[in-house]
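The next block holds one structure in the form of structure tokens; read it before the comments.
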Amino acid sequence: ETGVTQTPRHLVMGMTNKKSLKCEQHLGHNAMYWYKQSAKKPLELMFVYNFKEQTENNSVPSRFSPECPNSSHLFLHLHTLQPEDSALYLCASSPRGGKKYDQPQHFGDGTRLSIL
Amino acid sequence: GENVEQHPSTLSVQEGDSAVIKCTYSDSASNYFPWYKQELGKGPQLIIDIRSNVGEKKDQRIAVTLNKTAKHFSLHITETQPEDSAVYFCAASHFGNEKLTFGTGTRLTIIP
């Protein structure tokens, strides 16, 4: 059983819809990440939050809007998406601070997003 | 930035045989190298990692070796079992940098 929970597991939406992906971690970590996983491509880092502050935006289009209200929860708000945005969106968390910089990231099982 | 190349993209081995997956990295400052296993419908799960101050690490049937000079690291799975069938990803980062750079993955199939 994963310590990182993502909902929903599957989402189908039209290009004009607005939806949100949710991630919750129960591991006491203070860094959280959003990744995009497309077929035959490496995992692409999208956003990083440390202690609720965004520390990385990997040139992600503004139609993806992250929100991190606390160290345990992470959201990805979606609006006006394109067909090429169809992918598996993965959330991860890790400990941060002190000597914990090279601790592994723990992933959730992802949200499979399909854009019609 | 860092670039990680992973080979092969697909690998089939007979049950009981060994499997080896290789990755190369470009940034000599990288010093942390995790391996993840992803089963169908699941997220990546860490199976083993190695830091640059060691050359080899073993955990039961899984081992990872690191050659800093050549900038490559490898995953070794011995006595393979059907449940080892999955996609395996290597990754690299350096101390203090939260950005993991992933390889493109290897689909491993164990033939009963």
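Letters A, B, ... are given to chains in the order of the sequence lines, protein chains preceding strands, and every chain is numbered from 1.
Clustering ILVMFWY residues whenever any of their side-chain heavy atoms sit less than 4.5 angstrom apart, transitively, puts A/Tyr49 in a cluster other than the one holding A/Tyr33. Under a hydrophobic clustering in which Ile, Leu, Val, Met, Phe, Trp and Tyr are joined whenever their side-chain heavy atoms come within less than 4.5 Å, directly or via other members, A/Phe107 and B/Leu46 fall into the same cluster. No continuous path of ILVMFWY side-chain contacts below 4.5 Å connects B/Leu108 to B/Tyr36, so the two sit in separate hydrophobic clusters.
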Show your working on side-chain contact (heavy atoms from CB on, under 4.5 Å) between B/Leu100 and A/Gln105 and close with a plain yes or no.
CA-CA 9 Å; B/Leu100 276 175; A/Gln105 296 178 20; 3.7 Å; yes

Take B/Gln38 and A/Gln37, measure what side-chain contact (heavy atoms from CB on, under 4.5 Å) needs, and give me the verdict at the end.
CA-CA 12 Å; B/Gln38 187 173 22; A/Gln37 187 175 35; 2.8 Å; yes

Between B/Phe102 and A/Glu44, is the side-chain contact (heavy atoms from CB on, under 4.5 Å) condition met? List the steps.
CA-CA 8 Å; B/Phe102 284 85; A/Glu44 300 172 57; over 6 Å; no

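Residue B/Gln6 does not touch chain A at all, counting heavy-atom pairs closer than 4.5 Å.
If you tally non-hydrogen atom pairs under 4.5 Å between each of A/Gly110, A/Pro42, A/Cys91 and chain B, the highest count goes to A/Pro42.
Listed here is the closest heavy atom pair of A/Leu90 and B/Gly43: CD2-CA, 4.0 Å. Nearest heavy atoms, B/Lys99 versus A/Leu45: CG-CD2, 3.7 Å.
By the 6.0 Å contact criterion, CD on B/Glu15 is enclosed, its count of non-hydrogen atoms from other residues, nucleotides or ligands being greater than 12. Open room surrounds CG on B/Leu40; 12 or fewer heavy atoms of other groups in view lie less than 6.0 Å from it. Within a 6.0 Å radius of CZ in A/Arg9, more than 12 heavy atoms belonging to other residues, nucleotides or ligands are found. Summarising the local packing, CD of A/Glu84 is surrounded by more than 12 heavy atoms from other residues, nucleotides or ligands at distances under 6.0 Å.
Proximity of a side-chain donor or acceptor of A/Arg112 to a complementary backbone N or O of B/Gly41 within less than 3.5 Å is not detected.
The shortest distance between side-chain heavy atoms of B/Pro44 and A/Leu43 falls below 4.5 Å.
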